Amino acid sequence: MPELPEVETVRRSVEAAVVGSTVVRVEATGWRTVRRTSKRAVEVGLLGETFVAARRRGKYLLFDLANGNSVMVHLRMSGRLLLTDPTAPREPHTHVVIGLSSPSGSETDLRFVDPRTFGEVVVFNPDDDLVPEISRLGLDPLVDEFTFQQFRSALGRRKRGLKATLLDQSVVAGIGNIYVDEILHRTRLRHDRKVDALSLAQLRLLHANTVEVIREAVEAGGSTLSDTQYVDALGREGIFQTAHRVYDREGQRCLTCGRGIIRRVVAAGRSTHFCPVCQR
DNA sequence: AAACAAACCTGTGCGC
DNA sequence: TGCGCACAGGTTTGTT
């Protein structure tokens, strides 16, 4: 579900409540969510600690603790991070509850809810190799270092399809199935075009549109699809779905050229939407 | 090297 | 109204 724009929106929605607050209660109830370590490791690792930063890399949320450890939270397909009153009833599939006390003394719960249990919560020492995937991530499109030169060298010159390449988190961090389709549509390129067949101008456009689409989506608070699964930590929905030009628009007329009918195929193992007329 | 398929799970929406 | 099936935003692993 959540791609970079949704994860960034969640990060922003928890930051003020989390940073500076101290953990006064922890309950890891779901085993699958803490499978990388254990319930005990998460509870012991958090209790009494103070959060000092709420960061994000690609789709990974990283919370730094005052003792030098960090907390990695990945939402995968169905995870949600919610800020609630500690007395509020727990939603079904609540797997981790972190009771926070702010400097002013007010108490809030940070809860991890995840029906499909693909998501994870890991408390780790950054010197250890417990979360190696973080170090393998490519550049995040929102950082200053995401320059055209960096982007171009990360793509390499390959015979690989564009969609598979952009979905590869070691090439660019944070792009998922919705945004890759929107980025490729804006660039008027098909998902199956090969990276090594693109002109310099097309590469430049692809880089610029990657940044543009992701920025606009963050601005819109992400995309909440019809199932309304995705909301930020305060329960607010995103509105970028109203700006989708191809995703979930199979059979509808192309909003860009007004001539094509949006098609859906499977590419790179994922449901793929594109306009057969204006994407080449 | 790249393209697929399957695996991990639950919920939902569709056709009958 | 109810049932069964297909499918879903991510990532890893193994096979062609």
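Lettering of chains follows the sequences in order, A, B, ..., and the numbering in each one begins at 1. What's counted below: heavy atoms across the whole structure, side chains too, no hydrogens, waters or symmetry copies. This is a predicted model, so every value here is computed, not measured.
Salt bridge status for A/D140 with A/R56: present, with a side-chain N to carboxylate O gap under 4.0 Å.
In terms of the salt bridge (Lys or Arg N to Asp or Glu O under 4.0 Å) criterion, A/R152 has no residue partners (sequence neighbours excluded). Here A/S102 pairs with A/S104, A/S106 under the side-chain hydrogen bond (donor to acceptor under 3.5 Å, both in side chains) rule; sequence neighbours left out. When the ring pair (Phe, Tyr, Trp, His ring centres under 6.0 Å) test is applied to A/F112, no partner is found at least two apart in sequence or on another chain. For A/R204, there are no salt bridge (Lys or Arg N to Asp or Glu O under 4.0 Å) partners at least two apart in sequence or on another chain. With sequence neighbours excluded, the residues satisfying salt bridge (Lys or Arg N to Asp or Glu O under 4.0 Å) with A/R160 are A/D168. For A/R55, the salt bridge (Lys or Arg N to Asp or Glu O under 4.0 Å) partners at least two apart in sequence or on another chain are A/D64.
For A/Q169, a side-chain nitrogen or oxygen approaches OP1 or OP2 of C/dT11 to under 4.0 Å.
The listed nucleotides are C/dT12, C/dG10, C/dA8; the one nearest the side chain of A/H74 is C/dG10.
Residues A/V246 make up the rest of the hydrophobic cluster containing A/I262, defined by ILVMFWY side-chain heavy atoms closer than 4.5 Å, directly or through other members. Cluster partners of A/I134, using a side-chain heavy-atom cutoff of under 4.5 Å among ILVMFWY residues and allowing indirect links, are A/Y60, A/L62, A/M72, A/V122, A/F124, A/L130, A/V131, A/L137.
Chain A approaches DNA chain B over the interval B/dA2 to B/dG11, counting the first and last nucleotide 5' to 3' with an atom under 4.0 Å from its heavy atoms.
Residue contacts for A/R264: at a heavy-atom cut-off of 4.0 Å it reaches the sugar-phosphate backbone alone, with no base atom in range.
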Task: For DNA chain B, the dot-bracket pattern of Watson-Crick and G-U pairs whose distances stay under 3.5 Å, | for other-strand partners - done: .|||||||.|||||||
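Contacts between residues 130-140 of chain A and DNA chain B, counted as heavy-atom distances below 4.0 Å, involve no residue at all. For the segment residues 155-164 of chain A, the set of residues with a heavy atom within less than 4.0 Å of an atom of DNA chain B comprises A/R158, A/K159, A/R160, A/G161, in numerical order.
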